[in-house]
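To start, the structure under review is shown below, and the notes come after it.
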Amino acid sequence: MDSPLWKAVFYLVTFATLGYMAWQFARRSREWMKGKPVEWRSDWVKNILLNVIGQKRVQASRPKSGAPMHLLLFWGFLALFVATTLLAIATYSPLIGIPNFHKGLYYLIFETTFDVLGLFFVAGVVWAIVRRAKAVRNPASPISHQPSDWWALVLLLMLGVTGYVLEAARIASDPKPWDTASPVGYALAQALGHLGPSTYVAVWWFHMIWVWAFFVSIPHMRLKHMVTATLVAAGVHESPMGRLEPITMEQVELTGKIGVELATEFDRWKLLSLDACMSCGRCTEVCPAYNVGKSLNPKKVVADIFTALQTGANVPTTVTEEALWACTTCNACVEACPVHIQHVPMIIDARRNLVAEGKLSGTGAVMLRQVGSTGHAWGQAQGSREDWMKGLDVPVCRDGQPFEYLFWVGCAGATDPN
């Protein structure tokens with residue numbers, strides 16, 4: 001490894017694979033930038049601490065399986081990334097006049113802490129493999145499957161395992177009294193026995209091959225959400241759930257349309273969020289319309305809009321009008337999504353376009369016309385809105401009674417209840 005040639009090979013391949021990864025993400029960003037400029041400013045420091053480091057949304061999603069698995073994976077991977085970064089700083093800091101700090105008590109704490117945290121990562125990967133294998137055998141599972149998903153898990157597992165084997169090979173080839181500070185690596189080294197320096201070098205290169213494969217593969221697998229989901233979480237805009245964004249006459253005059261017909265009419269943050277989707281199916285799992293057999297599948301809506309972005313197709317047509325109108329706008333999917341995708345606002349924007357283009361018919365059209373003309377969904381006098389409650393002893397908020405629950409009574413049909 002001390003040979004200038006091998007050092008040159010290491011740096012050349014490392015920067016080439018990192019450069020390829022950056023180039024691929026730059027290409028993907030062209031799709032996101034087709035959207036409208038974002039009109040808000042986010043507290044990205046707070047968002048990253050809360051939503052990325054703290055994994056707030058993930059912790060609330062599938063608390064018995066998906067959440068703990070992902071937390072082990074994420075925090076374990078983050079620990080290994082921090083350890084690698086600190087090691088790199090310690091290695092190259094003398095070149096700029098900073099003394100090497102990777103020694104003494106700091107070194108012992110470093111080795112013990114990150115040696116143990118690496119086990120969390122490996123455990124999370126194994127859990128993910130077992131969980132996905134069970135989901136593959138279960139046709140009812142909402143989790144999507146692609147061949148690349150298995151490759152991603154293999155890559156992650158090999159990163160963790162070969163990292164430990166490399167540490168054990170280092171200890172086995174050049175043992176030191178303080179190697180017991182690395183409990184996992186030291187235990188593996190005892191099993192390996194004594195190894196020669198050439199064996200350690202071979203293990204080192206084997207580990208690096210997996211690292212380079214990981215860099216090259218990230219943009220082409222769902223693992224890309226490590227980058228895209230971080231950007232989405234950093235730019236998330238906190239607004240009241242269910243709030244309808246107003247459309248001004250100036251916007252209509254400028255664009256000549258109401259709502260969204262093409263995916264490029266969404267803002268850039270929403271388009272980025274589409275690329276962050278892991279197809280985990282959490283949104284579909286909690287969707288009441290999907291669970292009663294309607295055509296709406298929030299996970300598929302996200303995939304269809306992203307397809308429309310890439311092909312330039314009409315969004316309502318790609319998603320299908322039937323699926324768009326099946327949405328109850330309850331926002332369960334939005335609340336459950338670990339990567340902050342705004343399913344409902346995008347569905348509403350597509351619906352607005354359908355209404356503006358005269359593509360709303362049936363009872364829905366009648367109801368909107370009657371609400372617009374009389375303020376009553378059934379086209380009756382506003383004073384009769386509560387006639388349905390007569391004789392039912394239904395408590396109402398205006399009476400000043402304390403309630404533990406508030407039930408809003410709405411109607412979506414145009415049929416006279418009498």
Side-chain angles (χ1 to χ4, degrees), residues 1-21 73 76-95 100 102-103 107-108 110-126 128-129 148 150-221 223:
M1 276 301 298
D2 293 332
S3 166
L5 175 61
W6 288 117
K7 284 186 177 181
V9 170
F10 165 72
Y11 287 115
L12 177 63
V13 178
T14 299
F15 285 113
T17 52
L18 287 173
Y20 175 81
M21 180 176 67
L73 266 171
F77 184 87
L78 181 63
L80 296 179
F81 176 78
V82 169
T84 304
T85 302
L86 290 174
L87 186 58
I89 293 173
T91 300
Y92 298 108
S93 59
L95 298 177
N100 182 14
H102 199 65
K103 56 186 178 180
Y107 173 83
L108 297 177
F110 174 95
E111 287 293 319
T112 302
T113 301
F114 292 109
D115 206 54
V116 173
L117 290 177
L119 283 178
F120 292 176
F121 174 70
V122 174
V125 176
V126 173
I129 292 173
S148 62
W150 291 110
W151 173 238
L153 292 173
V154 168
L155 276 175
L156 292 174
L157 183 62
M158 291 304 295
L159 286 179
V161 171
T162 60
Y164 275 123
V165 173
L166 175 61
E167 182 182 37
R170 175 188 62 80
I171 295 173
S173 63
D174 186 22
K176 303 294 184 183
W178 52 80
D179 286 334
T180 53
S182 306
V184 181
Y186 183 77
L188 287 175
Q190 304 312 300
L192 291 176
H194 178 71
L195 298 177
S198 59
T199 304
Y200 166 67
V201 172
V203 173
W204 189 92
W205 282 108
F206 184 69
H207 175 68
M208 285 307 306
I209 288 172
W210 286 103
V211 173
W212 295 327
F214 178 69
F215 290 158
V216 171
S217 301
I218 286 176
H220 304 291
M221 302 184 297
L223 283 177

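The basis for the numbers below is simple: all heavy atoms, side chains too, and nothing from hydrogens, waters or symmetry mates. Please read these numbers as outputs of a predicted model, since none were measured by experiment.
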Check: Hey, does Met221 have a side-chain heavy atom less than 4.5 Å from the side chain of Leu155?
Finding: yes

Check: Are Phe120 and Leu80 close enough, and set up right, to give a side chain to side chain contact (heavy atoms under 4.5 Å, CB included), and what steps lead you there?
Finding: CA-CA 10 Å; Phe120 292 176; Leu80 296 179; over 6 Å; no

Notebook entry, point to check: Can you tell me if Thr112 uses its side chain to pair, donor with acceptor, with the backbone of Ala181 under 3.5 Å?
Noted result: yes

Notebook entry, point to check: If you measure from CH2 on Trp178 to CD1 on Ile171, what distance do you get to the nearest 0.5 Å?
Noted result: 11.5 Å

Next item on the list: Could you name each residue pair satisfying side-chain hydrogen bond (donor to acceptor under 3.5 Å, both in side chains) that touches residues 153-166, not counting sequence neighbours?
Entry: Thr162-His207

Item checked: Phe121 vs Leu78 side-chain heavy atoms within contact, under 4.5 Å -> no

Checklist line | Residue pairs, two or more places apart or on separate chains, that pass salt bridge (charged side-chain N to carboxylate O under 4.0 Å, His left out) and touch residues 176-199 | finding: Arg170-Asp179, Asp174-Lys176

Notebook entry, point to check: Do Phe114 and Leu87 touch side chain to side chain, with heavy atoms closer than 4.5 Å?
Noted result: no

Check: Which atoms form the tightest heavy-atom contact between Pro183 and Val116, and what is the distance?
Finding: CG-CG2, 4.2 Å

Checklist line | 4.5 Å side-chain heavy-atom contact, Tyr200 and Leu166 | finding: yes

Notebook entry, point to check: What distance separates Phe81 CZ from Leu86 CG, expressed to the nearest 0.5 Å?
Noted result: 10.0 Å

Notebook entry, point to check: Angle class for the His102/Phe110 ring planes (parallel below 30°, perpendicular above 60°, tilted otherwise)?
Noted result: perpendicular

Next item on the list: Could you pull out the closest heavy-atom pair between Ala172 and Gly193, with the gap in Å?
Entry: CB-O, 3.1 Å

Item checked: Interatomic distance, Leu156 atom CG to Leu73 atom CG [nearest 0.5 angstrom] -> 6.5 Å

Margin query: My understanding is that only residues two or more places apart in sequence, or in another chain, count here; which of them pass side-chain hydrogen bond (donor to acceptor under 3.5 Å, both in side chains) with Tyr92?
Written below: Tyr11

Margin query: Per the salt bridge (charged side-chain N to carboxylate O under 4.0 Å, His left out) rule, what does the pair list look like for residues 159-169, sequence neighbours excluded?
Written below: none

Next item on the list: Using modelled atom types only, decide if a donor and an acceptor are shared between the side chain of His194 and the backbone of Ser173 within a distance under 3.5 Å.
Entry: no

Item checked: Partner residues of Pro197 under the side-chain contact (heavy atoms from CB on, under 4.5 Å) criterion, sequence neighbours left out -> none

Next item on the list: Search all heavy atoms of Asp115 against all heavy atoms of Gly185 and return the closest pair with its distance.
Entry: OD2-N, 3.3 Å

Which donor-acceptor pairs under 3.5 Å do side chains of residues 211-218 form with protein atoms, sequence neighbours excluded?
unit_1: Trp212; atom_1: NE1; unit_2: Thr14; atom_2: OG1; d: 3.1
unit_1: Ser217; atom_1: OG; unit_2: Trp151; atom_2: NE1; d: 3.2
unit_1: Ser217; atom_1: OG; unit_2: Ala213; atom_2: O; d: 2.7

Note to self: I need the Trp6 CH2 to Trp204 CH2 distance, nearest 0.5 Å.
What the structure shows: 10.5 Å

Next item on the list: Quick one: pull up CG in Leu223 and CG in Leu153 and give me the separation to the nearest 0.5 Å.
Entry: 8.0 Å

